[in-house]
Every structure is written in structure tokens, then in C-alpha cells.
Amino acid sequence: MSVFAILDPAVGLAHDVVAAFAQVVPTALAIVLFTVCVRLALHPLARAASRGEKARARLAPRIAELNREHKGRPEKLQAALAELYREEKASPFAGCLPMLVQIPFFSVMYRLFTTPNDLLGHTLFGAPLGLHVGSAHGAGEWAVFAVLYAGLAALGYVNFRRARRAQAKQAAQSAQTPEQAQGAQAQPALALLPYLSFGTVLFAALVPLAAAVYLLTTSTWTAAERAWLYRDGAPEPAVPALA
């Protein structure tokens, strides 16, 4: 039995909601509407996360000072940072909250679209929603996948650019000198992090068309949500928006 079987009650509920939407709109659009409803419900968490990120940006100079003050004394540094975050009612993990909360939802949608059911028999511009790109044939089916992948790649590029800018700002704020900022950006792990923005495109190639529709919808929501929440020019999280 698959480990995802424990999600079957939630999968059944999601199926019923999408099927209800599909009574009045095409099934692909029903998937979009269902995803938007869930992301709208999660929006308060995203707002809380943005407030946390702005607090972290405001505290960046003090954090850098604590790093210098307690250099070589990790226990003292951790205690001082914990006290600072407690005083300011901030969290170093605030930006990860929406992504973590989305994992169960994504798992349900993955189960829904990879388990045979009546929804996958419907089509999007002639391409079955249960179709994998490796099984596509004909110009029409290939065109549907190409448009979805192009949309995901475009969103990946937008998120890549934003993650690079956020990374550069954070490095500049945390460093004492320009040389230190350049050194922080040159760290291999940090340098590669923004490229995770394109991970959604790669994953979409492994799942059925219905799941790709979901990925494009939730990725578009995430990009628009971040643009709205950080429209005042406040530094964004350097973690790329994967979905």
C-alpha cells in the first residue's frame, strides 16, 4: 500500500469539490478554481510570513553585530539571537511557513492526479488530464504541454530574478564590507539556491497534465502574492518561491 494512502480521506474530499466545480465549468478550470480557493484560505499565513520577513530585514544590522560580538562562541550567539527574536516577536523561519503548510495540500493534489479517477478522463484542449508528456502524441497534445511548461519556466525566471535580488540585499545588509558581501554571494550553496526556482518545471514533466495545471496555478498565485506583499520595496526572502 502506498504511503499516500493515508491521505485518501482528504483526496476524496478534494475530488468531490473539484467534481462539483466541474459540473458548471470545464474540469481544468475547476482545478484552477479549487487551487485558488485553497491558496486564498492560506493567504493569512503568507501575510504573517511577510511581516516576519520584514522584521528580520529590520533586525539584520543587529544580527550582524551579534555575529561579530559572539564570533567563535556559538552557544552565546544562539542565546543572544533567541533573545533578540523573542523581544522583537519575530522568527528566523517565518518565510518557510506558507511553503510548509502547502506540503499536505500538494500531497493531496498529487495523490488525486496520479490515482485513476473520473476527473483524469476529461481533457484540456483535447489533451486528457491524466496524460503524461512522455505519452503525448500529435501536435495538439504537445502544444498543450508546451504552453504549460513555458508558463512555468517564465514564472521560474521571475522567481529566480527576485531570489537573486533578495539574496544580494541580505548579503549586503549582513556584511561589514563589500568584500564580505561578495564572499557571501560566492558561497556555492547560496549561489545555487535561486536556481531551485526552476524545479517546478522539472517536476511538472514527471506528473500528469492535471497536476501541471495545478502547479502553474499555484506558482502564478505565489508570484503574484509575493509581488503584492512586498510591493513597498521591503526585502523579500532569499528562498525561491517553488510553488
Side-chain angles (χ1 to χ4, degrees), residues 1-42 98-160 195-225 240-243:
M1 182 177 67
S2 170
V3 67
F4 288 105
I6 62 174
L7 299 173
D8 283 351
V11 172
L13 178 61
H15 172 277
D16 292 344
V17 175
V18 175
F21 281 134
Q23 294 296 317
V24 292
V25 297
T27 304
L29 181 56
I31 294 171
V32 172
L33 292 176
F34 178 66
T35 304
V36 168
C37 288
V38 173
R39 291 305 305 268
L40 187 61
L42 295 177
M99 184 172 63
L100 292 176
V101 172
Q102 284 184 64
I103 291 176
F105 172 60
F106 176 79
S107 299
V108 168
M109 299 300 280
Y110 175 83
R111 177 74 171 171
L112 176 61
F113 297 138
T114 55
T115 303
N117 61 74
D118 57 310
L119 296 176
L120 300 183
H122 294 261
T123 62
L124 173 62
F125 298 112
L129 291 174
L131 183 68
H132 284 75
V133 64
S135 302
H137 61 278
E141 292 181 353
W142 280 107
V144 171
F145 279 104
V147 169
L148 286 175
Y149 294 163
L152 286 169
L155 288 170
Y157 180 71
V158 170
N159 292 330
F160 169 80
Y195 289 93
L196 293 178
S197 302
F198 297 104
T200 307
V201 185
L202 299 177
F203 188 78
L206 304 176
V207 295
L209 179 60
V213 171
Y214 155 70
L215 288 171
L216 180 60
T217 304
T218 193
S219 297
T220 302
W221 179 281
T222 298
E225 187 175 60
L242 301 179

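Reckoned from all heavy atoms, side chains included, excluding hydrogens, waters and symmetry mates.
- In this structure, the side chains of Leu129 and Ile31 come closer than 4.5 Å at one or more pairs of heavy atoms.
- Between Phe34 and Thr217, the closest side-chain pair of non-hydrogen atoms is not below 4.5 Å.
- Met109 is not listed as a side-chain neighbour of Val38, based on a closest heavy-atom distance of 4.5 Å or more.
- Nearest heavy atom pair, residue Ser197 against residue Phe160, reads OG-N, 3.4 Å.
- Here Thr220 contributes atom OG1 and Glu225 contributes atom CD; the two are 12.0 Å apart, rounded to the nearest 0.5 Å.
- Across all their heavy atoms, Phe145 and Leu131 have their closest contact at CZ-O, 3.4 Å.
- Of all non-hydrogen atoms in Ala30 and Val18, the two that sit nearest each other are CB-O, 3.6 Å.
- In this structure, Phe21 CZ and Thr27 OG1 are separated by 12.5 Å, a value rounded to the nearest 0.5 Å.
- Shown here for Pro128 and Leu209, the closest heavy-atom pair between the two residues is O-CD2, 3.5 Å.
- Taking CG from Leu215 and OH from Tyr149, the interatomic distance works out to 9.5 Å, rounded to the nearest 0.5 Å.
- Judged purely by atom type and a 3.5 angstrom limit, Thr114 uses its side chain to pair as donor or acceptor with the backbone of Tyr110.
- Here CG of Leu112 is found 7.0 Å from CG of Leu120. Values are rounded to the nearest 0.5 Å.
- Among all heavy-atom pairs drawn from Gly126 and Glu141, the shortest one is O-OE2, 4.2 Å.
- Distance check, rounded to the nearest 0.5 Å: CZ of Phe198 to CG of Asn159 gives 8.5 Å.
- For the pair Pro9 and Leu13, the minimum side-chain heavy-atom distance is 4.5 Å or more.
- Between Val11 and Thr115, every side-chain heavy-atom pair lies at or beyond the 4.5 Å cut-off.
- In this structure, Val133 and Trp142 have side chains that are in contact, with non-hydrogen atoms separated by less than 4.5 Å.
- The two residues His15 and Leu119 make their nearest non-hydrogen contact at CD2-CD1, 3.6 Å.
- Between Phe106 and Tyr214, the two ring planes are tilted [angle within 30° to 60°].
- One distance of note links CG of Leu216 with CG of Leu155; it measures 6.0 Å at 0.5 Å rounding.
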